[in-house]
Amino acid sequence: MDGHDAPHVNLCYNTRLDRSCSRTTPAPNRPTRPQPTTAMPNELLRNVAIIAHVDHGKTTLVDGLLKQSGMFREGELDKLSGGRASQGGLIMDSNPLERERGITIFSKNCAVDYHDTQGRTVKINVIDTPGHADFGGEVERVLKMADGVLLLVDAFEGPMPQTRFVLHKALENGLRPIVVVNKIDRPDARPDHVVNEVFDLLVELEANDKALDFPTIYASGREGWATTDLSVKTDSLKDIFEAILKHVPAPQDEAKDPLQMLVTTLDYSDYVGRIAIGRVFAGTITKGQSIAVIDRHGKQTRQRVQQLFQFQGLSRKEVEQVHAGDICAVVGLDPVDIGDTLADGENPIALPPIKVDEPTLTMMFRINDSPFAGQEGDFVTSRQIRQRLEKELQSNVALRVDFTQADEFQVSGRGLMHLGILMENMRREGYELSAGKPRVIYREIHGQKMEPIELLVVDCPGSCQSSVMSLVGERRAELVKMDAKTGTSDYVHMEFTIPARGLIGLRSRMLTATQGRAVMHHVFEDYEEHRGEVPQRQLGVMIATETGRVTAYALDGLYDRGFFFVKPGDQVYEGQIVGEHCKDNDISVNVTKPKPLSNMRTTSKDEAAKIRPAREVSLEAALEYIQDDELVEVTPEGVRMRKRLLKESDRKRESRKTPAAV
């Protein structure tokens with residue numbers, strides 16, 4: 001009876017590495033499942049995930065594997081990449097935001113058929129993962145589908161903070177890494193030092209002997225070649241394919257056991273609804289089969305598989321059956337969520353649910369109530385924003401939302417970029433909203449207030465070392481390690497532990513202090529005791545007093561007051577932040593003041609108006625910039641900053657209340 005609750009679920013968790021959990025013995029009169037007609041031996045299947053720090057070349061390497069697989073006609077991949085494959089465009093980065101920013105945000109998987117040296121055709125399921133620390137939740141859930149990992153490391157940068165994070169998660173899942181030293185064609189490459197640094201990192205993570213004895217491949221994903229010997233340059237990625245076949249174990253799942261499939265990704269189609277994507281850990285799933293869907297709380301519903309798809313290249317092909325060890329997409333299930341188990345209808349056994357790290361940063365989302373509300377967006381009400389956040393929760397496993405208040409929603413994530421990407425997607429979909437200042441999430445541990453601490457890694461020239469030390473020192477950072485970067489002449493490698501709140505607004509100040517020459521990355525480390533106050537924004541802001549169009553005459557008169565975020569012709573409203581004051585206090589300015597007209601003639605020409613170029617502020621930069629009494633207004637047309645209380649009289653009244661409340 002599809003869609004109805006079943007009376008009993010066996011919540012005895014078992015995994016593919018430990019199947020000691022006792023199973024319920026099937027009834028003797030259990031109907032036999034149709035036998036597969038085209039069974040795929042496990043030896044002809046591999047599941048591998050590609051993990052690395054951001055911008056170390058994961059997606060570029062996956063594109064190279066696709067191009068050399070022989071599965072696509074000439075020009076077909078160029079079409080899939082939006083006409084940019086021949087110019088270096090990335091095929092796997094299909095989301096517009098990914099192509100604009102040049103980073104991977106969402107994990108994806110594809111399948112490659114490789115013909116090995118023995119004449120066999122081996123199917124390799126390749127899982128591409130994000131490299132930024134804020135999207136670590138994507139990595140944690142898709143590693144469940146893999147039997148091995150390719151660990152990409154930049155030939156110059158070496159292991160970075162996110163390398164440590166993803167490698168730690170891979171080792172937790174019992175996955176052995178194959179180290180690929182990528183970008184070996186860089187003129188400043190230092191492959192030998194990088195391999196030693198990877199070994200040291202594995203020792204720090206307490207990897208076993210098998211993981212420490214990792215195979216090493218040197219590659220250039222952009223040029224499309226890989227080799228196991230630095231002295232021999234090849235012309236293809238064959239060595240990577242062969243390493244996957246040799247060192248990634250074939251799936252050990254049992255096709256004769258009762259069905260168990262873990263949902264790790266959700267897709268959506270306007271025609272068929274939700275599409276559950278995951279790996280079959282045991283048994284066989286068949287089109288039209290009646291199955292039990294078990295959620296993370298143990299609730300079970302009986303449903304029927306309407307369609308079944310296997311991955312082939314970048315597309316999916318409909319099949320009748322999928323066997324244990326393979327990755328597939330299932331259509332026709334509702335409700336179904338990430339972490340659910342698709343189990344045998346007569347003998348349902350749940351798999352361990354997906355566990356991800358808890359959020360460290362929270363932010364308030366609310367309706368846009370500025371004077372320009374509703375002029376640019378299609379979705380402006382709190383009900384519409386709530387529905388969009390509920391939809392996001394279905395696929396974004398690292399996100400948390402508190403819906404207790406009617407018009408304000410407390411949204412928590414893994415970092416500023418994690419929440420910023422969500423807001424940017426909503427903005428492009430036609431939503432209008434405003435957001436408050438990001439705040440870290442504190443915890444009470446053993447009666448003490450604890451805050452999230454991040455590991456901050458900074459690589460900079462030696463001449464910038466003192467500037468970096470001073471900047472992070474005032475934000476309560478503690479130096480953990482400092483040494484000269486091996487293989488380089490003047491670069492210094494520094495590692496700090498710093499409160500997560502100290503990272504808000506740090507990147508822009510770091511680039512200014514080092515003239516753009518510092519490279520910084522961070523990743524969550526642990527919770528520690530509160531380290532004290534962190535300095536806030538040093539300068540005040542300029543606030544518009546009138547609603548109207550910005551004039552060059554008004555900006556000229558305010559030239560010496562600071563920098564502006566608006567330019568002549570922009571529409572502003574009362575209470576909007578239009579610039580940064582050169583002093584530490586806020587001032588109210590009239591940027592819409594027109595030039596007075598009279599019938600008096602002058603003997604000289606008017607002086608040319610002096611206007612500073614407007615400072616462009618991105619969404620993430622605006623979220624880092626604002627203070628407690630300010631909001632970021634996000635609309636399809638742009639990003640503005642404003643005061644919570646738009647009228648100056650209301651702000652003065654509130655300021656008089658604050659000391660009394662304290």
Side-chain angles (χ1 to χ4, degrees), residues 17 49-56 58 129-137 139-140 143 146 148-182 189-218 247 355-358 360 414-415 450 452-460 472 477-488 491-500 503 519-528:
L17 297 178
I50 300 185
I51 59 175
H53 186 79
V54 63
D55 201 30
H56 279 196
K58 298 178 300 299
T129 63
H132 199 281
D134 285 14
F135 310 112
V139 181
E140 291 173 277
L143 284 179
V149 293
L150 292 181
L151 177 67
L152 262 69
V153 186
D154 189 287
F156 170 71
E157 293 183 354
M160 299 295 281
Q162 184 67 0
T163 311
R164 173 190 293 269
F165 172 78
V166 296
L167 185 56
H168 175 64
K169 293 299 178 183
L171 295 175
E172 279 186 350
N173 284 273
L175 305 179
R176 183 191 181 197
I178 300 173
V179 176
V180 179
V181 182
N182 197 27
R190 49 187 192 95
D192 294 333
H193 295 288
V194 168
V195 172
N196 292 334
E197 290 172 6
V198 172
F199 182 84
D200 294 340
L201 177 58
L202 284 166
V203 173
E204 288 181 32
L205 296 176
E206 300 179 353
N208 57 32
D209 293 341
K210 188 175 182 180
L212 290 173
D213 187 22
F214 55 84
T216 305
I217 301 174
Y218 307 95
H247 300 290
K355 295 181 180 179
V356 298
D357 293 340
E358 291 297 316
T360 58
R414 296 284 279 271
M450 311 289 273
I453 302 296
E454 304 251 343
L455 175 66
L456 172 67
V457 175
V458 181
D459 292 331
C460 68
V472 300
E478 296 178 359
L479 182 64
V480 177
K481 177 182 177 183
M482 180 176 69
D483 53 21
K485 196 171 181 69
T486 55
T488 63
Y491 264 71
V492 178
H493 177 82
M494 292 178 284
E495 295 183 8
F496 304 88
T497 58
I498 184 172
L503 292 170
V519 178
M520 58 172 280
H521 297 284
H522 58 89
V523 68
F524 174 75
E525 179 77 4
D526 200 0
Y527 274 86
E528 295 182 8

Are I50 and V180 side-chain neighbours, meaning at least one heavy-atom pair lies under 4.5 Å? no
Could you pull out the closest heavy-atom pair between M450 and Y527, with the gap in Å? CE-O, 3.8 Å
So, for A211 and P177, which heavy atoms are closest and what is the spacing to 0.1 Å? CB-CD, 4.1 Å
If you round to the nearest 0.5 Å, how far is CZ of F524 from CG of L455? 11.5 Å
Closest heavy-atom contact between L152 and A52? O-CB, 3.2 Å
If only side-chain N and O atoms count, and only distance matters, is there a donor-acceptor pair under 3.5 Å linking E157 with H56? yes
Is R164 reaching over with its side chain to a backbone N or O of L205, donor-acceptor style, under 3.5 angstrom? no
Any side-chain heavy-atom pair of L212 and D209 under 4.5 Å: yes
Between the CZ atom in R414 and the CD atom in E140, the distance rounded to the nearest 0.5 Å is 4.5 Å
How about D459 and H493: does a side-chain donor come under 3.5 Å of a side-chain acceptor? yes
Using a 3.5 Å distance criterion without hydrogens, assess whether the side chain of N208 forms a donor-acceptor pair with backbone atoms of K210. yes
So which heavy atom on K58 is nearest to which on I51, and how close? CD-C, 3.7 Å
Would a 4.5 Å heavy-atom cut-off, applied to side chains only, mark M160 and T163 as touching? yes
Under the side-chain contact (heavy atoms from CB on, under 4.5 Å) test against L456, which residue among V523, T497, V480, I498 passes? I498
Quick one: are C460 and M494 in side-chain contact, heavy atoms under 4.5 Å? yes
CG/L503 to OG1/T360 distance, rounded to the nearest 0.5 angstrom? 9.5 Å
Where P159 and V153 come nearest, the two heavy atoms and their spacing: N-CG1, 3.6 Å
Heavy-atom nearest pair, L143 first then V166, reads CD1-O, 4.5 Å
Can you find a heavy atom in the side chain of V181 that is under 4.5 Å from one in the side chain of V198? no
Does a side-chain heavy-atom distance below 4.5 Å link H521 with Q162? no
Given Y218 and V195, is the side-chain contact (heavy atoms from CB on, under 4.5 Å) satisfied, shown in steps? CA-CA 10 Å; Y218 307 95; V195 172; 4.1 Å; yes
d(L202 CG, L167 CG) to nearest 0.5 Å is 5.0 Å
Over 60° means perpendicular and under 30° means parallel, so tell me whether F214 and F199 are parallel, tilted or perpendicular. tilted
So, are E197 and R190 salt-bridged, with charged N and O less than 4.0 Å apart? yes
